[in-house]
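Written below as C-alpha cells is the structure these notes are about.
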Amino acid sequence: MTADLTIADVRLTPILVADPPLLNTQGLHQPYTPRLIVEVVTADGVTGVGETYGDTKYLELARPFAEKLTGRQVSDFNGLFTIAGEVAVDDARVDNQVDVGGLRGVQTADKLRLSVVSGFEVACLDALGKALGLPVHALLGGKVRDAVEYSAYLFYKNAHHPEGIASEQDDWGAALDPAGIVAQARLFHERYGFESFKLKGGCFEPDQEIAAVKALAEAFPGKPLRLDPNGAWSVETSLKVADELRDVLEYLEDPALGTPAMAEVAAKAGVPLATNMCVTTFAEIKEAFTTGAVQVVLSDHHYWGGLRNTQQLAAICRTFGVGVSMHSNTHLGISLAAMTHVAATVPGLHHACDSHYPWQSEDVLTERLTFEDGKVTVRDAPGLGVELDRAKVEALHQRWLDETYAHLRDRDDAAAMRVLDPEWVTPSVPRW
C-alpha cells in the first residue's frame, strides 16, 4: 500500500525557552528566547517536526505559509521556496536592518523567508523519513560519518539574570575574566568531552579577550581554539589580535564587519578567517571568495533555507577550497538533530560545529540529545529520530501566551542589558 504523503495539517507553536545570561557585543541574552515549533501532518497521520526562530516577524510569515502548505506533497521541497515567494513580507520592517538577536549580519526580506522555509523543510524531511522508514541523512544522500563533532561554545557570562527578573537558574556560575573562561571550558570538557573551544568575544577590551584565549591555550595545549567578536573590531584591531594569537587560533571568526574589511584583514592576518555574518546567502559568496575574505564559512540551516541548501553551500565551498562548519544560535534538540543529520552528509567537514544546546536547560523532546567525547551520534531511526514531548511543548507555549512575558516574544539583547545597566546603548561598530 502506497503512503499518502499529502499534507493534511500544519501546526505552529511559538514558545519561550529559558536562556542563561550570556554576553555578546550587542548586550545580554534575555531570560527567555522565542522559538517556533513546526509540525507537518500527512494524510496518513505521520507527523514531522521542525524548529526555527520564533520572533514576531517570523510568525507573521509562517502563519500564511502554513495555510498554503496544506494539500501539497510532503516531498515537494522545491515547492517550499515557491510558497515563500507568494507570501508577502513587510519589506520596510526588515530590509537592511541589522539582525541583532542572531548577530548574523544584515536582515532582509529574502533572508527572513529562508529562515521560515528552513523550519518547514526540516518538518517535511522528518515526516517523509518516518513515512518511508528512512533517516533524514538517507534522504540527503547518506551519511559519511557516524558521529558529528561539536565545539564547546564559551561565553562571558553573569552568574544570574538581574534581580527581579523571572528566569531559570543554572549552575555554570559567572565567567567575566580569563580564569572564569578557563573554568567554564573545563566544565564543558568534563561534562561533554569537548576537545574544541570557541569564545564569544567583542564584550571586553581586546587585550582581555586575548588573555582569555592564551589562558585557554595553556589549559588545553594543542586543542583547536576560536574567537568570535561579531564584527566588533576595526581592521587595525583585528590585525593586532591576529598577530597576538596567530600561534594558537584555529580561526578568527568575523573580527571586522563586512566583506571588504574581512578581505583587508585576511590579506595580512596570517590566521584563517571564518564567517557567519558576511556570507549568509548564495549571492554573497562571489565577493567573499574572489577577494579571499573568508577561509571558512559557518553554515546555519535556519537562515540558509534548510538542509538541502546547506549541502549546496558545502559543495560550493568545496569547489573553491573554502572550509565549512556550522554556526549556532539558541536552539533546541530538534535543530541539533537536524544539524547533525546534514553535517553527517557533508564530505570534508574538518572543523567542529558550534552548538548552544548545552546552555539550554529546557527542551521539547522526550529525550535530550547527548554529547559523548564532544560528538553527537547520527541517528538511524526514521526521520530525525526524535519525538516531541507534548507536555513540555505546551508548558513553553503557555509561557509564550502569558502576558507577563509578552515583551520577550522578540529577542532584544540590548533591552536585556538595559535592565542590568539602564544607560546601555547598543555600541556602534567597530567598537574597538
Would you name the heavy atoms of Ala131 and Val46 that are closest together and state the gap between them? N-CG1, 4.1 Å

If we only count heavy atoms from C-beta on, is the Ile285 to Phe282 side-chain gap below 4.5 Å? yes

Salt bridge check: are Arg35 and Glu362 linked by an N-O gap of less than 4.0 Å? no

Restricting to non-hydrogen atoms, name the atom on Val279 and the atom on Ala288 that form the minimum distance, rounded to 0.1 Å. CG2-CB, 3.4 Å

In Å and rounded to the nearest 0.5 Å, what is the CG to OH distance from Asn329 to Tyr303? 8.5 Å

Polar side-chain atom of Asp363 near backbone of Arg368 as donor-acceptor pair, under 3.5 Å: no

Side chains of Pro34 and Tyr58 in contact at under 4.5 Å (non-hydrogen atoms): no

Between Asp110 and Thr108, is there a side-chain donor-acceptor contact under 3.5 Å, judged purely by atom types and distance? no

Got a donor-acceptor contact below 3.5 angstrom from the Gln26 side chain to the Thr426 backbone? no

Pair Arg411, His29 - check side chain to side chain donor-acceptor pair (under 3.5 Å), show working. CA-CA 8 Å; Arg411 178 173 165 177; His29 284 213; 3.2 Å; yes

Asp300 versus His327, closest heavy-atom pair with distance: OD2-ND1, 2.6 Å

Heavy-atom closest pair (Asn158 atom, Leu28 atom, distance to 0.1 Å) is ND2-CD1, 4.0 Å

Closest non-hydrogen contact found for Arg246 with Gly270 is CG-O, 3.7 Å

In terms of side-chain heavy atoms, does His302 have a donor or acceptor partner in Thr52 at a distance below 3.5 Å? no

For a quick check under 3.5 Å, do Thr25 and Asn230 share a side-chain donor-acceptor pair by atom type? no

Under 3.5 Å, is there a donor-acceptor pair between the side chain of Gln360 and the main chain of Ala18? yes

If you count every heavy atom of other residues, nucleotides or ligands that lies below 6.0 Å from Lys143 atom NZ, does the total exceed 12? yes

Of all heavy-atom pairs linking Ser299 and Leu313, the shortest is CB-CD2, 3.5 Å

Do Cys317 and Phe289 touch side chain to side chain, with heavy atoms closer than 4.5 Å? yes

Salt bridge or not for Glu39 and Arg390, using N-O below 4.0 Å? yes

Is the backbone N or O of Phe155 less than 3.5 Å from a side-chain atom of Gln184, with the two atoms forming a donor-acceptor pair by type? yes

Would you indicate whether the side-chain heavy atoms of Trp233 and Leu239 approach each other to under 4.5 Å? no

Evaluate the criterion side chain to side chain contact (heavy atoms under 4.5 Å, CB included) for residue pair Val346 and Val144; output intermediate values, then yes/no. CA-CA 7 Å; Val346 174; Val144 296; over 6 Å; no

So, Asp4 side chain and Thr42 main chain: donor-acceptor pair closer than 3.5 Å or not? no

Any side-chain donor paired with an acceptor under 3.5 Å for Gln311 and Thr345? yes

Might you confirm whether atom CD of Gln73 has over 12 heavy atoms from other residues, nucleotides or ligands at distances under 6.0 Å? yes

What's the verdict on side chain to side chain contact (heavy atoms under 4.5 Å, CB included) for Asp19 and Val17, showing C-alpha distance, side-chain angles and the deciding distance? CA-CA 6 Å; Asp19 215 3; Val17 60; over 6 Å; no

Go through the steps to decide whether Trp400 and Leu36 satisfy the test side chain to side chain contact (heavy atoms under 4.5 Å, CB included), and finish with yes or no. CA-CA 11 Å; Trp400 185 90; Leu36 176 62; over 6 Å; no

Can Glu253 and Thr275 be counted as having a side-chain donor-acceptor contact under 3.5 angstrom? no

Tyr192 OH to Asp373 CG distance, which is reported to the nearest 0.5 Å: 14.5 Å

Could you tell me whether Lys240 and Asp243 make a salt bridge, using a distance below 4.0 angstrom between a side-chain N and a carboxylate O? no

Has the side chain of Asp44 got a donor or acceptor atom that lies under 3.5 Å from a matching backbone atom of Ala3? no

Presence of salt bridge, Arg11 and Asp9, under 4.0 angstrom: yes

Polar side chain donor-acceptor pair, Asp354 to Ser151, under 3.5 angstrom: no

Are side-chain heavy atoms of Thr259 and Glu284 found at a separation under 4.5 Å? no

Between atom CD of Glu394 and atom CG of Leu401, what is the distance when rounded to the nearest 0.5 Å? 7.5 Å

Between Lys392 (side chain only) and Leu365 (backbone N and O only), is there a donor and an acceptor less than 3.5 Å apart? yes

Rounded at 0.5 Å granularity, tell me how far CZ in Arg418 sits from CG in Leu420. 12.0 Å

Ser325 (side chain) donor-acceptor with Ala352 (main chain) under 3.5 angstrom: yes

Is there side-chain contact between Pro358 and Arg191, with heavy atoms separated by less than 4.5 Å? no

Aromatic ring pairing His137/His341, orientation class (parallel under 30°, perpendicular over 60°, tilted between): parallel

Short side-chain to backbone donor-acceptor contact, Arg113 and Gly305, under 3.5 Å: no

Is the shortest side-chain N to carboxylate O distance from Lys198 to Glu250 below 4.0 Å? no

Over 60° means perpendicular and under 30° means parallel, so tell me whether Tyr357 and His331 are parallel, tilted or perpendicular. parallel

Working note: Leu59 + Leu12, criterion side chain to side chain contact (heavy atoms under 4.5 Å, CB included); need CA distance, chi angles, decisive distance, verdict. CA-CA 9 Å; Leu59 283 173; Leu12 302 178; 5.5 Å; no

Assert yes or no for the condition that the ring centre distance of Phe188 to Trp359 is strictly below 6.0 Å. yes

Nearest-0.5 Å distance, NE2 of residue His351 to CG of residue Leu298: 8.5 Å

Side chains of Asn309 and His301, heavy atoms from C-beta outward: is any pair under 4.5 Å? no

With a 3.5 Å distance limit and no angle check, can you tell me whether Lys200 reaches the backbone of Leu23 through a side-chain donor-acceptor pair? no

Non-hydrogen side-chain atoms of Tyr53 and Val116 separated by less than 4.5 Å: no

Using a cut-off of 6.0 Å, state whether more than 12 heavy atoms not belonging to Glu86 lie near its atom CD. yes

Tyr150 and Thr340: side chain donor to acceptor below 3.5 Å: yes

Report yes if the distance between the aromatic ring centroids of Tyr32 and His161 is under 6.0 Å, otherwise no. no

Gap between atom CZ of Arg318 and atom CG of Leu349 - 0.5 Å precision: 10.5 Å

Kindly indicate, with the supporting measurements, whether the criterion salt bridge (Lys or Arg N to Asp or Glu O under 4.0 Å) is fulfilled by Arg431 and Glu209. CA-CA 14 Å; Arg431 190 172 174 184; Glu209 296 182 355; over 6 Å; no

